[in-house]
Participant: 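One structure, pasted below without further comment.
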Amino acid sequence: MVDAYSAVNEAEKKRPSWWLGAVIGGLLTAPLMAVLFVGEQAADLPFVPFDFFDWLARVLPGDVIRFGINVIVDMIETFNLGETSSAAKTLEQIQGILFVVGIGAGVGALIFMALKRWPDAPYRTAMLGGFGLGVAFALIHGAVRSASEFVAQAGALPSVVWIVALYSVWGLALAWAYRTLSEPYFDESANSVKQINRRQFLVQVSGMAASVTVIGLGAGTLLNLYRQGSTRPLETQETIVADLPQDLPNADAAVQPVPGTRPEYTPLDEHYRIDISARPPNINGETYRLRVDGLVETPLEISLPELLENYQPEDRFVTMSCISNRIAGDLISTTRWTGIPFHVLLDDWGLTDDATHLRLISADGFDEWVEIDLIRRDPRVMLCYAWDGKPLTARHGFPLRIHIPDLYGMKQPKWITEIEVTDSWGEGYWVARRWDAAARVQPVSVIDTVAVNAAEEHDGQIYVPVGGIAYSGAKGISRVQVSVNDGEWQDAQLRDPLSDTTWVLWRFMWPFTAGQHRFQVRCYTAEGNLQPTEVRGVFPSGATGVHTVTTQVDEDMV
Ligand SMILES: Nc1nc2c(c(=O)[nH]1)N[C@H]1C(S)=C(S)[C@@H](COP(=O)(O)O)O[C@H]1N2
Ligand SMILES: [Mo]
């Protein structure tokens with residue numbers, strides 16, 4: 001008996017330490033997130049990791065965010081993780097999840113530390129810890145919600161109850177683990193008191209956590225598939241868009257793209273995508289109303305069918321680029337935009353005489369300002385509802401986004417829910433984070449390919465076609481030139497573009513010689529201005545500089 005007693009004492013000294021708390025806290029967070037995922041898919045309940053990440057993205061200083069994005073893009077380039085914007089989105093989502101697992105581990109460690117000191121009432125202590133964490137996340141969720149009027153989400157009360165309840169259960173599970181780990185048990189065979197085998201216990205807990213996680217992920221994924229099948233875009237929208245001409249306007253262009261040049265018309269699912277949130281807002285087209293308020297005779301609430309039925313649609317091929325696109329990057333794409341000329345809408349909205357600007361407000365809390373004079377000057381500015389002949393997808397701004405020629409993407413909100421007519425200008429989302437207030441597109445040109453496999457022979461000389469794009473927003477491209485090994489700049493051939501607001505594909509027939517070669521490209525705008533050749537990074541006004549490609553080409557490659 002005396003032996004057993006001292007063994008118990010011994011065991012108590014070996015109470016699980018903070019790092020076990022961290023491991024178990026982290027482990028238990030995985031199934032918790034799987035359950036959150038099921039709740040999100042089944043009942044639009046909040047998914048904590050993404051809400052937390054979105055909150056961080058909004059509250060951290062712009063410079064910190066920029067640094068983070070830079071690191072992500074560097075990683076994607078270094079490890080060749082594929083198309084930048086989708087890889088970045090995936091990495092962001094993983095980051096959100098890791099953050100929340102990390103916080104679970106941290107709080108688990110704190111709770112075990114507390115229990116080591118004050119061993120009484122572990123259930124109450126750990127549950128309070130979990131409850132506190134739940135309340136913190138519920139508050140963050142509330143903050144994200146109020147900053148971004150995401151539609152079709154569960155109400156505030158069920159959301160708070162759900163998060164707090166789940167985290168409380170998480171705390172209880174943690175306390176159970178703590179109890180099990182610290183409780184000595186009597187081993188009949190050895191006739192002595194022993195501590196539970198920690199490794200075995202951790203394996204058990206991992207197994208349980210993994211099972212719940214896998215089941216939750218499976219159920220959530222099924223629910224997600226079921227959901228995607230059941231959302232249907234508005235029918236009116238589909239009919240109007242189906243009337244558009246299908247042929248590309250430059251079908252007869254004489255100059256053909258060099259094989260290996262990026263597609264002139266970007267397949268919709270490959271169009272780059274940049275959002276400030278982990279997932280796009282989920283807007284219901286049936287209940288959606290565009291609010292127009294501020295300096296108007298009467299505030300308006302316009303439904304989608306009203307917009308689609310009362311205005312003649314216009315369509316335009318547009319290349320859009322993110323201001324964060326590096327030289328030769330892939331955050332630039334081309335598709336066909338369909339919508340309503342914005343000046344026509346202004347005429348109908350009854351603006352008062354002192355109105356000078358519109359503030360476009362989006363469902364995700366993003367906003368930008370546009371000068372009314374600009375809309376009146378440029379009839380191409382468009383309130384757009386379709387891309388590639390189909391209603392805008394949730395990712396790309398359903399139901400409404402604006403197109404403003406010659407500006408980077410950051411000035412062109414998606415998911416517009418409100419337009420405030422004002423007599424002053426303000427800093428939009430990225431401008432407030434120190435990016436260029438005007439954000440006019442910088443003329444750039446890019447070498448996509450030195451197509452050794454498409455070499456041609458003329459009069460005994462082998463020519464290797466070199467090709468790529470040149471883009472200057474709406475400033476036009478009058479000339480593209482290539483220089484090889486610092487030789488003279490020579491004109492490339494230009495392919496007729498899809499429109500005056502798309503990129504221009506070019507081709508240059510290079511008289512082949514074997515060896516290592518340095519190719520450079522530059523372009524001129526329609527007005528004859530040379531593209532800025534000074535090397536500048538993306539911040540704050542968009543990247544500039546001559547694109548250079550160095551390749552080794554051998555005799556046997558052509
Ligand atoms: N509401 C909203 N609009 C937005 C953004 C956003 O995060 N939220 N991102 C902007 C940026 S930075 C770019 S580059 C373009 C990208 O549009 P896309 O994702 O449809 O290609 O959308 C712009 N409009
Ligand atoms: Mo962007």
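Computed from a predicted model, the values in this text were never measured in an experiment. We number each residue from 1, following the sequence as shown. Just follow the structure's listing: the first ligand is 1, and inside any ligand the first atom is 1.
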Participant: Can you tell which part of I274 has a heavy atom less than 4.0 Å from ligand 1: side chain, backbone, both or neither?
Facilitator: both

Participant: Ignoring angles and geometry beyond distance, decide whether D364 reaches within less than 3.5 Å of ligand 1 through its nitrogen or oxygen atoms.
Facilitator: yes

Participant: Please write down residue, atom name and distance for the protein heavy atom closest to atom 6 (C) of ligand 1.
Facilitator: F366 CD1, 3.5 Å

Participant: Tell me the protein heavy atom at minimum distance from atom 18 (P) of ligand 1, and give that distance in Å.
Facilitator: K414 NZ, 3.4 Å

Participant: Any idea which atoms of ligand 1 are less than 4.0 Å away from a heavy-atom of C322?
Facilitator: 14 (S)

Participant: Measure the distance from atom 10 (C) of ligand 1 to every protein heavy atom, then report the residue, atom name and distance (to 0.1 Å) of the closest one.
Facilitator: G409 O, 3.7 Å

Participant: Report the part of S362 in contact with ligand 1, treating N, CA, C, O as backbone and CB onward as side chain, heavy atoms under 4.0 Å; options are side chain, backbone, both, neither.
Facilitator: side chain

Participant: Do you know the tightest heavy-atom contact between D330 and G82?
Facilitator: OD2-O, 4.3 Å

Participant: Using distance alone, decide if ligand 1 has a nitrogen or oxygen within less than 3.5 Å of any nitrogen or oxygen in I276.
Facilitator: yes

Participant: Identify the heavy atoms of S303 and R289 that sit nearest to each other, and give their distance.
Facilitator: CB-NH1, 3.6 Å

Participant: Please report the shortest heavy-atom distance between A355 and V421, naming the atom on each side.
Facilitator: CB-CG1, 3.4 Å

Participant: Out of R401, H396, Q412, who gets a non-hydrogen atom closest to atom 17 (O) of ligand 1?
Facilitator: R401

Participant: Show the nearest heavy-atom pair for residues L268 and W387, with the distance to one decimal.
Facilitator: CD1-CE3, 3.7 Å

Participant: Check for me whether Y429 has a heavy atom closer than 4.0 Å to any atom of ligand 1.
Facilitator: no

Participant: Write down the atom of L498, the atom of P249, and the distance for their closest heavy-atom approach.
Facilitator: O-CG, 3.2 Å

Participant: Only heavy atoms of W387, strictly under 4.0 Å: list the atoms of ligand 1 that pass.
Facilitator: 20 (O)

Participant: Is W435 reaching over with its side chain to a backbone N or O of P540, donor-acceptor style, under 3.5 angstrom?
Facilitator: no

Participant: Side chain or backbone of W435 under 4.0 Å from ligand 1, or both, or neither, by non-hydrogen atoms?
Facilitator: neither

Participant: Just to be sure I read this right, does ligand 1 sit under 4.0 Å from the backbone of Y272, its side chain, both, or neither, counting only heavy atoms?
Facilitator: both

Participant: Report yes if some N/O of M320 lies less than 3.5 Å from some N/O of ligand 1; otherwise report no.
Facilitator: no

Participant: Find out whether T501 and T319 are in side-chain contact, i.e. whether some heavy atom of one side chain is under 4.5 Å from a heavy atom of the other.
Facilitator: no

Participant: With L400, which of T417, L304, L360, I340 fulfils side-chain contact (heavy atoms from CB on, under 4.5 Å)?
Facilitator: L304

Participant: I need the atoms of ligand 1 closer than 4.0 Å to a non-hydrogen atom of H271, numbered in the order shown.
Facilitator: 21 (O)

Participant: How close do P497 and T502 get, heavy atom to heavy atom, and via which atoms?
Facilitator: CB-OG1, 3.6 Å

Participant: Looking at ligand 1, does P413 have a heavy atom less than 4.0 Å from it?
Facilitator: yes

Participant: Measure the acute angle between the ring planes of F137 and F52, then classify it against the limits of 30° and 60° as parallel, tilted or perpendicular.
Facilitator: perpendicular

